[in-house]
Amino acid sequence: MVHNCKGYAARDPSGQMSPYDFDRREVGADDVHLKILYCGMCHSDLHQVRGEWGNSTFPMVPGHEITGVVEKVGSNVTKFKVGDKAAVGCMVNSCGSCKHCVVDCEQYCPKCIFTYNAKDVDGTTTQGGYSTHVVVNERFVLKFPENLPLDAGAPLLCAGITVYSPMKYFGLDKEGLRLAVVGLGGLGHMAVKIGKAMGMHVTVVSTHDGKKSIAMEGLGADSFLVSKDEVAMQEAAGTFDGIIDTVSAKHDFGMYCSLLDTNGKYVVVGAPPEPFDVNVFGLLFKRITLGGSLIGGIKETQEMLDFCSAKNIVADIEKVPMDYVNTAMERMLAGDVKFRFVLDLATI
């Protein structure tokens, strides 16, 4: 049997990826057919292909940082035409009518359909962007800025919106605010770039000083703090208005909470598999807000893309061929990437 889409899939929780041919649906009246040119490799892809979140369905084609060119449109589509640069992020559908959807927060819709490893409206399992094309309802396709490159811009679809949305929601977007970014990976380096573009004073917090030069000279961070330096951490205690915590491994939240000033906001966007402990008194005595955030709605994601277009913000990437995907996964697990792998789908 000949299938209409080529991709790479994990067949089991070993996470090993290999070529996989499958079928995308035909273009419906409200659909956009996007030829995928690039797909960023998110850390959540690694968790999912290894079954670490307990909800993985195999075979799985991951990938939700998708950019490309429109090849076909349905008869009802009005926002896109053949040849347009476009993008697809972490969602491909939602109910459209619940209390979350009506305020453009589709990511919290109980019937939100994620780009991969989810049940689509027809009962099939969604498959992601490690593939040659995707067919998506027009409402969940984004206009990609003409002035940004499709490869380095791909990680904006998850890494970019994941840090932009909480900055806006929690008010950590004002000029002069003191923001600490915990972790300097795919999410962290986007938080530095976006935070600086918003006019904040940005400090990177890392476990060692190996990334100090690239944080300050390469990304424009104002300062760098080593979390294992007890003296430096004590001196920095109580000096930040907000923290964006991007770390996806288990770590000491209480230690970082101490960095916040009274009324500070601690926002978690990384997703460690294990639960974490919090000393409640550390929150009570400084009226600290502890929150989380999941990507952003479609309207806000488009807003983020337009903001990045105006500020000329893209990710720092290492572009790799499709057959490098397993090595890239291992390197991502080891933290050996600055700062996002992007798959070149022309090489599939």
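All figures in this text were calculated on a predicted structure; none of them were measured in a lab. Reckoned from all heavy atoms, side chains included, excluding hydrogens, waters and symmetry mates.
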Quiz prompt | W53 and H47 aromatic ring geometry - parallel, tilted or perpendicular at 30°/60° bounds | solution = parallel
Exercise. Report yes if the distance between the aromatic ring centroids of F253 and F276 is under 6.0 Å, otherwise no.
Key: yes
Quiz item: Do F307 and Y164 have ring centres separated by under 6.0 Å?
Solution: yes
Exercise. Establish, from distance only, whether the side-chain atoms of Y256 and D245 form a donor-acceptor pair under 3.5 Å.
Key: no
Self-check item: CZ-SG distance between F341 and C42, expressed to the nearest 0.5 angstrom
Solution: 13.5 Å
Practice problem: Determine, for F80 and K143, whether the Lys NZ or Arg CZ falls below 6.0 Å from the six-membered ring centre while staying within 45 degrees of the axis. | Solution: yes
Practice problem: Would you mind checking if D21 and K6 are paired as a salt bridge, meaning a charged N to carboxylate O distance below 4.0 Å? | Solution: yes
Exercise. Determine, for K72 against D31, whether the closest basic-nitrogen to carboxylate-oxygen distance falls under 4.0 angstrom.
Key: no
Quiz item: Will you find, in the side chains of R178 and T203, an N or O donor that is under 3.5 Å from an N or O acceptor?
Solution: no
Exercise. Describe, in one word, how the ring planes of H133 and H33 are oriented to each other, choosing from parallel (under 30°), tilted (30 to 60°) and perpendicular (over 60°).
Key: parallel
Quiz item: F114 and H64: aromatic ring centres closer than 6.0 Å?
Solution: no
Practice problem: Identify whether the distance between the nearest side-chain nitrogen and carboxylate oxygen of K79 and D84 falls below 4.0 Å. | Solution: no
Practice problem: Kindly compute the distance separating CD1 (I244) from CE (M200), expressed to the nearest 0.5 Å. | Solution: 7.5 Å
Quiz item: Hey, would you say the F22 and Y20 ring centroids sit under 6.0 Å apart?
Solution: yes
Practice problem: For the pair T57 (side chain) and N117 (backbone), establish whether a donor and an acceptor sit closer than 3.5 Å, ignoring hydrogens and angles. | Solution: no
